[in-house]
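Keep in mind that this is a model prediction, so the values were computed, not measured. Side chains included, hydrogens not; waters and symmetry mates left out as well; all remaining heavy atoms used.
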Amino acid sequence: MVSEEELDAYRQSGETVRVMRDEMEINDVLGIVVAWDETSVLVRKRSRRVVKLSRSYRYIPISEERKSPPSV
């Protein structure tokens with residue numbers, strides 16, 4: 001789960017993040033962190049739509065290369 005400090009840093013910097021929901025890159029959400037609570041995060045996409053996503057997903061800066069999580 002993404003930490004409060006990471007989310008706050010993303011929100012303050014306005015940096016675009018990649019939200020990895022599964023193994024398929026096409027299912028990633030790109031946007032800016034707007035707000036969050038204990039279980040979810042609001043992300044504003046480039047189209048200005050806001051989506052509510054689980055905090056259990058992986059949140060990484062768009063500048064980092066997308067890497068799959070280790071297989072279980």
Side-chain angles (χ1 to χ4, degrees):
M1 182 182 298
V2 64
S3 71
E4 295 281 328
E5 293 79 21
E6 287 177 299
L7 288 170
D8 193 44
Y10 291 143
R11 183 188 60 80
Q12 288 184 5
S13 70
E15 181 176 13
T16 301
V17 295
R18 175 187 305 271
V19 184
M20 296 173 54
R21 299 186 289 176
D22 57 22
E23 296 295 320
M24 298 178 62
E25 187 172 352
I26 196 155
N27 293 332
D28 292 354
V29 175
L30 305 177
I32 298 170
V33 173
V34 177
W36 61 90
D37 61 17
E38 293 81 27
T39 60
S40 59
V41 179
L42 290 178
V43 174
R44 180 178 295 123
K45 296 170 43 171
R46 292 180 187 165
S47 65
R48 296 188 182 165
R49 292 182 184 247
V50 177
V51 292
K52 185 176 182 180
L53 302 166
S54 172
R55 283 185 66 172
S56 64
Y57 296 141
R58 290 188 60 212
Y59 291 77
I60 61 171
I62 195 73
S63 57
E64 285 185 22
E65 184 177 331
R66 184 186 198 282
K67 296 179 184 171
S68 298
S71 299
V72 176

For side chain to side chain contact (heavy atoms under 4.5 Å, CB included), just list the numbers for Leu30 and Val17, CA-CA rounded to whole Å, side-chain angles, deciding distance to a tenth of an Å, and then say yes or no. CA-CA 6 Å; Leu30 305 177; Val17 295; over 6 Å; no
Does Val43 offer a backbone N or O that forms a donor-acceptor pair with the side chain of Arg49 under 3.5 Å? no
For Arg55, is there an ion pair with Glu4 - N to carboxylate O distance below 4.0 angstrom? yes
Does a side-chain N-to-carboxylate-O contact under 4.0 Å join Glu25 and Arg18? yes
With a 4.5 Å heavy-atom cut-off, do Met1 and Ser54 have their side chains touching? no
Worked check of side chain to side chain contact (heavy atoms under 4.5 Å, CB included) between Val41 and Lys52: CA-CA 6 Å; Val41 179; Lys52 185 176 182 180; over 6 Å; no
If you count heavy atoms of other groups shown closer than 6.0 angstrom to CD of Glu38, is the number above 12? no
Check this for me: does any side-chain nitrogen of one of Arg66 and Asp28 sit under 4.0 Å from a carboxylate oxygen of the other? yes
Cluster question for you: counting only ILVMFWY and a side-chain heavy-atom cut-off of under 4.5 Å, with indirect links fine, are Tyr10 and Val50 together? no
For the CZ atom on Arg11, are there more than 12 heavy atoms of other groups (residues, nucleotides or ligands in this structure) within a distance under 6.0 Å? yes
Should Val29 and Ile62 be counted in the same cluster of Ile, Leu, Val, Met, Phe, Trp and Tyr side chains packed under 4.5 Å apart? no
Stepwise side chain to side chain contact (heavy atoms under 4.5 Å, CB included) check, Leu53 with Arg21: CA-CA 9 Å; Leu53 302 166; Arg21 299 186 289 176; 4.2 Å; yes
Rounded to the nearest 0.5 Å, what separates atom CG in Leu42 from atom CD1 in Ile32? 13.0 Å
Let's go through Tyr57 and Asp22 carefully: what are the C-alpha distance in whole Å and the side-chain angles of both, what is the deciding distance for side chain to side chain contact (heavy atoms under 4.5 Å, CB included) to 0.1 Å, and is it a yes or a no? CA-CA 8 Å; Tyr57 296 141; Asp22 57 22; over 6 Å; no
Examine Val2 and Val34 and state if one hydrophobic cluster contains both, with Ile, Leu, Val, Met, Phe, Trp and Tyr joined whenever side-chain heavy atoms are less than 4.5 Å apart. no
Look only at the side chain of Glu6 and the backbone of Ser3, and say whether a donor-acceptor pair between them is shorter than 3.5 Å. yes
Supply the atom-to-atom distance Ile60 CD1 to Lys67 NZ, rounded to the nearest 0.5 angstrom. 9.0 Å
